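Only one structure is covered here, and it is reproduced in the block below.
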Amino acid sequence: MPRSEPIKAVRGMRDILPRERAIWRVAEKAAADVARSFGYAEIVTPVIEHAELIERVGEDTDAVAKELYRFDDRGGRHLALRPEATAGVVRAYFEGHLNQEPPPARLFLIGPMFRYNRPQKGRYRQFFQLDVEAIGSDSPALDAEVIEIAATWLHELGLRELRLELNTIGDSKCRPAYLELLRAYYRPLQDQLHGDCQRRLETNPLLLLDCKVPQCQPFKVDAPRITDHLCEECTVAWAAVRRLLDASGIEYRLDPYLVRGLDYYTRTVFEIYPANGEGAQDALGGGGRYDGLAEAEGWPPTPGVGFAGGLDRVTELVKAGGAEVIAAPAAEVVVLADAGLDVAAADVARICRTVRSVAVDYESKSLKAKMRSANKLGARWVLLLSAAEVERRVVQLKEMASGEQVEVGWADLPSHLA
RNA sequence: GUGGCUAUAGCUCAGCAUGGCAGAGCACCAGAUUGUGGAUCUGGCUGUCGAGGGUUCAAAUCCCUCUAGCCACCCCA
C-alpha cells in the first residue's frame with residue numbers, strides 16, 4: 001500500500017506536550033496571580049483582527065511591515081493574525097465600553113501572537129505572551145506599576161538575574177522637535193549609514209539609535225539625546241517613573257538608545273533580559289507607554305501603558321534554571337481488569353472518580369505488562385479485577401509505593417483512596 | 001529576509017572522505033517469575049536512510065532542487 005508523507009506541524013508552529021505543559025501552567029498561574037494581585041482583570045480578545053488595525057499602528061516596524069500574517073476571508077475582509085496584543089486590547093477597551101468605568105482599566109491577557117519570521121530556538125511564528133495594560137490614565141505611577149508587575153512575575157518564577165533597561169522617548173509635544181535635531185545631526189552622515197538607516201533617517205529616525213549594524217555605531221555617541229530635549233510634562237513624568245522604581249527596589253539601567261519599534265509608544269519604554277544571556281533571542285519582555293495609540297485606531301485620544309512578556313522564553317529559562325516541575329500523573333488510580341470485564345472496570349472507575357483521577361487499562365496485554373504501564377504512568381494505586389472479584393463486588397487495591405495490597409469492597413473504595 | 005550546519009528505527013545517534021546485504025544503545029513486546037510494577041538476565045519487533053530528481057552495473061553514501069530543524073545575522077517576545 002502506498003504511503004504518503006505524514007503531515008507535520010506548520011513551520012514555526014509547535015506543540016506544547018503534556019510534560020511541558022506543567023511548567024507552562026506554573027508560568028501562567030503566576031502571571032494571572034500577580035496581575036490579579038495588582039487589581040488587573042483578565043480579558044480575551046480575538047486572534048484575528050482587521051489588518052488595518054495592526055497596520056495603522058506600526059507601519060515601519062518589522063513586526064508589521066515584514067512579519068504580519070495577512071489574509072482575506074471569504075467575505076473579502078482584509079484580516080491579520082495579531083502580532084502583539086495591545087492594539088486589540090485597546091480596541092476592546094472602547095468597544096466594550098470599559099472607558100465608561102473609572103480609569104484606568106487594568107487588564108491582562110494571555111494568548112498566542114503570530115509573526116512570520118524565520119524560526120529559531122526561542123523564536124516561533126506562534127508564540128505566547130502575557131500582556132498587561134493600564135488604559136485611560138497618563139499617571140507615571142502606572143508606568144512603574146506595570147514594570148513592577150513584570151518584575152514580580154519573573155521573580156515569582158525564580159528568575160532573579162535580570163536586566164531591566166529603561167528609557168523615555170518623549171511625546172507628541174517634544175518628540176517632533178527632537179526628531180528634527182536627530183535628522184539634522186545624521187543628515188551629513190547619511191552616506192555612511194547602512195541601507196535601512198538611510199531610509200529611516202526620514203521616515204523613523206528614532207530607529208537609528210537602535211541600529212546594531214557596526215558601521216552605524218560610531219555616530220551614536222554624539223547624537224542628541226531625547227532626555228536633554230524633553231518637554232516639561234515628559235520631564236516630570238520621567239522623574240516620577242524613576243522615583244517610583246527606586247522606591248520599589250527594582251533595579252534598572254538607563255539606556256539612551258532604547259527605543260521601541262512601534263510608532264505609538266510615548267515616554268517610558270523598557271525591555272527585560274536575562275542578566276547573563278548573551279544569546280540573541282533572549283528578550284523576556286518589554287513595554288511602554290502608548291498615549292497615541294487609541295487615536296491612531298480612530299478612537300478618542302486616550303493614554304495607556306503596558307507590558308508584554310514571552311511565555312515561550314520564560315518557560316525555557318525556568319527549565320534551564322533547573323527548576324523541577326514534576327508533571328502530576330495523568331491518573332492517580334489505574335484499573336486493571338481481566339479480559340471481558342470492561343463494563344465492571346468502568347463501573348469501578350466511576351466509583352473511584354469521586355475522589356481520585358482514574359484511568360482504565362483496556363489493552364489486551366498480560367497483567368504484568370499492565371502493571372508495568374501503570375508504574376510508568378506514575379499511578380499511586382492500581383485496582384485488580386478478576387471475574388470472581390466482580391462476582392463478589394470487591395477489588396484488590398494495591399498501593400504502588402509500598403507494594404501493599406488489600407481486598408476492598410467497591411462501595412468502600414472512596415474512603416480507602418481519600 | 002541573508003549566510004552556515006544538519007536530516008538514517010518511536011528516541012539519541014554510528015555508517016557517508018574511498019558507492020557494494022541497514023547498524024548500536026535506549027524505548028517497546030515477550031519470557032525467566034502459572035493473574036502482580038520498579039533491578040537483572042534472555043529473546044523478539046521496528047526502516048520509502050526527510051521528499052523529489054540526476055550520475056552509476058550498483059546510491060544512506062556523489063550531484064541538483066525542495067521541505068523541515070538548529071546556529072549566527074536581523075528582529076524582537
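Computed over heavy atoms, backbone and side chain alike; hydrogens, waters and symmetry mates excluded. As the structure is a prediction and not an experimental result, all values here were calculated from the model. We name chains A, B, ... by the order of the sequence lines, and we start the count at 1 in each one.
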Task: Anti/syn call for A51(B), syn if |chi| within 90° - done: anti
TODO: Taking only the side-chain nitrogens and oxygens of R123(A), find out if one of them lies under 4.0 Å from OP1 or OP2 of C76(B).
DONE: no
Task: Any K368(A) side-chain nitrogen or oxygen under 4.0 Å from OP1 or OP2 of U36(B) - done: no
Give the rounded distance in Å between these two atoms: [atom1] of [X] and [atom2] of [N].
| X | N | atom1 | atom2 | answer |
| --- | --- | --- | --- | --- |
| Y273(A) | C76(B) | OH | P | 9 Å |
| R118(A) | U67(B) | CZ | P | 11 Å |
| Y116(A) | A77(B) | OH | C1' | 19 Å |
| L258(A) | A77(B) | CG | P | 10 Å |
| N117(A) | C73(B) | CG | P | 14 Å |
| D338(A) | G35(B) | CG | P | 11 Å |

Pair [X] + [Y]: basic N to acidic O under 4.0 Å:
| X | Y | answer |
| --- | --- | --- |
| E202(A) | R187(A) | yes |
| E28(A) | R21(A) | yes |
| E67(A) | R125(A) | no |

TODO: Can you see which heavy atom on Y257(A) is nearest to which on L209(A), and at what distance?
DONE: CB-O, 3.3 Å
